[in-house]
**Student:** 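First the structure, which I've put down as structure tokens, then a few questions once you've had a look.
Lettering follows sequence order; numbering is per chain, from 1. As the structure is a computational prediction, the values presented were derived from the model and not from experiment.
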2 protein chains.
Amino acid sequence: MGETPPFLADPETTRESIMRATYLALCEHGYAGLTIQRIGESFEKSKSLLYHHYDDKDELLLAFLQFMLEEHESWVPESTDDGPRERLDAVIDAMLPPELAAEHHGFTAAMVELRAQAAHDERYRDQFAEHDRVFQAHLVDVIEDGIEAGQFRDVDAEAVAAFLGTTVAGAMTRRVTGGGDRAATTTREALESYVDRVLLADETEAEA
Amino acid sequence: MGETPPFLADPETTRESIMRATYLALCEHGYAGLTIQRIGESFEKSKSLLYHHYDDKDELLLAFLQFMLEEHESWVPESTDDGPRERLDAVIDAMLPPELAAEHHGFTAAMVELRAQAAHDERYRDQFAEHDRVFQAHLVDVIEDGIEAGQFRDVDAEAVAAFLGTTVAGAMTRRVTGGGDRAATTTREALESYVDRVLLADETEAEA
DNA sequence: CCATGGTGATTGAATGTTCAGTAAGCCGGA
DNA sequence: TCCGGCTTACTGAACATTCAATCACCATGG
């Protein structure tokens with residue numbers, strides 16, 4: 001424990017340092033076990049300083065989600081070198097890696113917990129709605145590029161992206177709240193076959 | 001607010017009454033806002049009596065989940081009259097109704113929150129793993145019946161059921177944590193088309 | 001008279017939040 | 001260069017609240 005994604009490795013401002021501490025505390029204790037005290041313990045400065053920068057715990061966590069979303073946006077490799085199919089696989093891989101490393105597990109679990117807060121808190125709901133929009137827009141991009149490149153069938157990209165996003169969200173949730181990794185791996189296989197069927201059906205139909 | 005499913009309508013034992021109170025409090029306040037006090041307020045007897053019947057809050061909630069699962073099992077209509085396709089649609093409808101009534105919304109949201117607890121609590125994880133098993137077994141039943149009846153293609157029922165279950169879980173989650181009902185309705189449409197494609201492909205292939 | 005079901009007041013711990021105060025930079029003027 | 005005032009970063013201790021859990025006590029039927 002103590003690993004962070006690269007953009008959190010060596011924070012330069014105090015706020016970045018707080019984001020890092022929040023990340024670490026979330027991974028270690030989950031949202032349910034997250035207290036200001038615990039964030040303070042992963043923080044080189046004092047606990048009360050958190051209140052100097054953020055009004056309250058919720059504002060801090062919302063800011064954390066916003067921060068992660070922004071970093072995530074500026075982090076997507078955008079490797080247009082590969083073909084559309086490879087790019088699509090890469091996106092799914094990023095959200096649903098075949099083997100969930102121990103450190104990633106804590107963070108994934110915490111994100112599932114955080115998302116659940118959206119069920120009764122509008123601010124979280126807005127935040128995750130935006131997150132979903134960004135993720136889905138990315139999927140739409142990849143799919144439409146594939147269509148223009150003549151590699152994918154001329155499907156409704158929005159609809160396919162929404163479906164993929166929903167299924168991936170379900171698999172992420174199940175992976176950490178139920179049957180374990182098997183839920184994720186079988187979902188990946190099923191998605192492969194779905195993509196084959198729906199997006200690459202040209203060849204399949206040609207075979208028929 | 002104040003509506004309950006039929007099996008909770010008029011509790012006969014004190015324990016059933018506690019389950020009912022828990023249900024009502026969960027719908028009204030969500031898991032995040034659920035306190036023993038609030039359960040007590042939806043309960044005709046006193047709050048301390050809860051501790052007479054359950055050791056602590058967690059035991060009560062776990063018992064509640066177990067209770068809901070058992071009632072749900074004994075509640076499935078098993079209408080074998082309809083065809084396999086109709087039965088499958090009915091199952092999906094039950095989990096993902098096209099219009100989420102206000103009262104159902106609170107309960108769905110609470111279940112999403114409750115499931116998120118499984119991310120850091122093994123007892124909840126076991127509970128929801130069992131829930132998923134039961135639900136998926138039901139789907140497998142319907143699919144296998146459809147295959148035997150010659151209405152569905154000879155697919156891997158386990159795999160298809162797992163995929164459906166995951167997607168439905170994702171849609172339920174998104175419905176209450178993000179984009180609202182649109183996530184659920186588009187997912188339903190996509191699932192329809194998936195079922196057409198994967199399970200009923202005989203006719204489609206015949207057309208080709 | 002005691003076991004079972006039930007009550008209202010109380011407590012103790014956890015935790016978010018505040019606050020008075022210190023240290024450290026910054027800047028314009030003498 | 002040094003000084004005074006001003007602002008920002010930061011701290012430790014205390015405060016206020018929430019909430020699960022308990023306790024002493026009551027009632028009623030067998």
**Student:** Could you tell me whether B/Ser48 contacts a base, only the sugar-phosphate backbone, or nothing, with contacts defined as non-hydrogen atoms closer than 4.0 Å?
**Tutor:**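 The residue B/Ser48 makes base contact.
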**Student:** Flag this pair as yes if the NZ/CZ of B/Arg115 is under 6.0 angstrom from the six-membered ring centre of B/Tyr31 and inside a 45 degree cone about the axis; otherwise no.
**Tutor:**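 No, B/Arg115 does not lie over the aromatic ring of B/Tyr31.
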**Student:** Are any of the side-chain nitrogens in A/Asp10 or A/Arg20 under 4.0 Å away from the carboxylate oxygens of its partner?
**Tutor:** no
**Student:** Would a distance-only check, ignoring hydrogens and angles, find a side-chain to backbone donor-acceptor pair under 3.5 Å from B/Glu71 to B/Phe67?
**Tutor:** no
**Student:** Can you tell whether the side chains of A/Arg85 and A/Asp196 come within less than 4.0 Å, N to carboxylate O?
**Tutor:**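 Salt bridge: yes.
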**Student:** Taking 5' to 3' order, which nucleotide of DNA chain D is first and which is last to have an atom within less than 4.0 Å of a heavy atom in chain B?
**Tutor:**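 First and last nucleotides in contact are D/dC19 to D/dT22.
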**Student:** Specify the separation, in whole Å, of atom CZ of A/Arg38 and atom P of C/dT15.
**Tutor:** 7 Å
**Student:** Hey, does B/Ile36 reach any base, or is it just sugar-phosphate, or nothing, if we go heavy atoms under 4.0 Å?
**Tutor:**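 If one applies the 4.0 Å heavy-atom cut-off, B/Ile36 turns out to touch the sugar-phosphate alone, with no base involved.
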**Student:** Rounded to the nearest 0.5 Å, how far does CG of A/Leu114 lie from CZ of A/Phe107?
**Tutor:** 8.0 Å
**Student:** Could you go through nucleotides 22-24 of chain C and list every protein N or O atom that sits under 3.5 Å from one of its N or O atoms, giving the distance for each pair?
**Tutor:**
none

**Student:** Looking only at side-chain N and O atoms, does B/His53 come under 4.0 Å of OP1 or OP2 in C/dG6?
**Tutor:**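 So the side-chain polar atoms of B/His53 do come within 4.0 Å of the phosphate oxygens OP1 or OP2 of C/dG6, strictly under.
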**Student:** Check each residue of residues 111-121 of chain A for a non-hydrogen atom within less than 4.0 Å of any atom in DNA chain C, then write out the ones that pass by number, or none.
**Tutor:** none
**Student:** Working to the nearest 0.5 Å, report the span between CG of A/Leu139 and CG of A/Leu88.
**Tutor:**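 It is 6.5 Å, given to the nearest 0.5 Å.
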**Student:** For DNA chain C, determine which residues of residues 54-63 of chain A have any heavy atom closer than 4.0 angstrom to one of its atoms, and list them numerically.
**Tutor:** A/Asp56, A/Lys57
**Student:** Between C/dG21 atom C1' and A/Leu49 atom CG, what is the distance in whole Å?
**Tutor:** 15 Å
**Student:** If you look only at pairs with a residue in residues 41-68 of chain A, which of them pass as a salt bridge (charged side-chain N to carboxylate O under 4.0 Å, His left out), with sequence neighbours excluded?
**Tutor:** A/Asp58-A/Arg123
**Student:** State the CG-CD distance between A/Leu24 and A/Glu103, to the nearest 0.5 angstrom.
**Tutor:**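 One finds 11.0 Å between CG of A/Leu24 and CD of A/Glu103.
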**Student:** Can you name the closest pair of heavy atoms from B/Phe128 and B/Ala118 and give their distance?
**Tutor:** CD1-CB, 4.4 Å
**Student:** Search all heavy atoms of A/Glu16 against all heavy atoms of A/Leu8 and return the closest pair with its distance.
**Tutor:** O-CD2, 4.2 Å
**Student:** Do we see a donor-acceptor contact under 3.5 Å between the side chains of B/Gln117 and B/Glu113?
**Tutor:**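 The criterion, which ignores hydrogens and geometry beyond distance, is not satisfied for B/Glu113 and B/Gln117.
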**Student:** Would you indicate whether the side-chain heavy atoms of A/Leu49 and A/Phe43 approach each other to under 4.5 Å?
**Tutor:** yes
**Student:** What is the ring orientation for A/Phe163 with A/Tyr194, classed by angle as parallel under 30°, tilted 30 to 60°, or perpendicular over 60°?
**Tutor:** tilted
**Student:** Give, for atom CG of B/Asp145 and atom CG of B/Asp141, the distance between the pair rounded to the nearest 0.5 Å.
**Tutor:** 6.0 Å
**Student:** Angle, rounded to 10°, between the helical axes spanning five pairs at each terminus of the helix from C/dC1-D/dG30 to C/dA30-D/dT1?
**Tutor:** 10°
**Student:** So which one's nearest nucleotide on DNA chain D is more toward 5', A/His52 or A/Lys47?
**Tutor:** A/His52
**Student:** Given atom OH of B/Tyr51 and atom P of C/dA9, what is their separation to the nearest angstrom?
**Tutor:** 17 Å
**Student:** Starting at atom CD of B/Glu41, determine the distance to atom C1' of C/dG8, rounded to an integer number of angstrom.
**Tutor:**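 B/Glu41 atom CD is separated from C/dG8 atom C1' by 15 Å.
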**Student:** Hey, could you give me the CZ/CG distance between A/Arg188 and A/Asp181, rounded to the nearest 0.5 Å?
**Tutor:** 11.0 Å
**Student:** Of A/Thr35 and B/Thr14, whose closest DNA chain C nucleotide lies nearer the 5' terminus?
**Tutor:**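 Looking at DNA chain C, the more 5' nearest nucleotide goes with B/Thr14.
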**Student:** Separation of B/Gln37 atom CD from C/dT10 atom P, in whole Å?
**Tutor:**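 Those two atoms, CD and P, are 15 Å apart.
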**Student:** As an exercise, state the distance from CD1 of B/Ile39 to CZ of B/Phe64, rounded to the nearest 0.5 Å.
**Tutor:**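 Result: 9.0 Å between the selected atoms.
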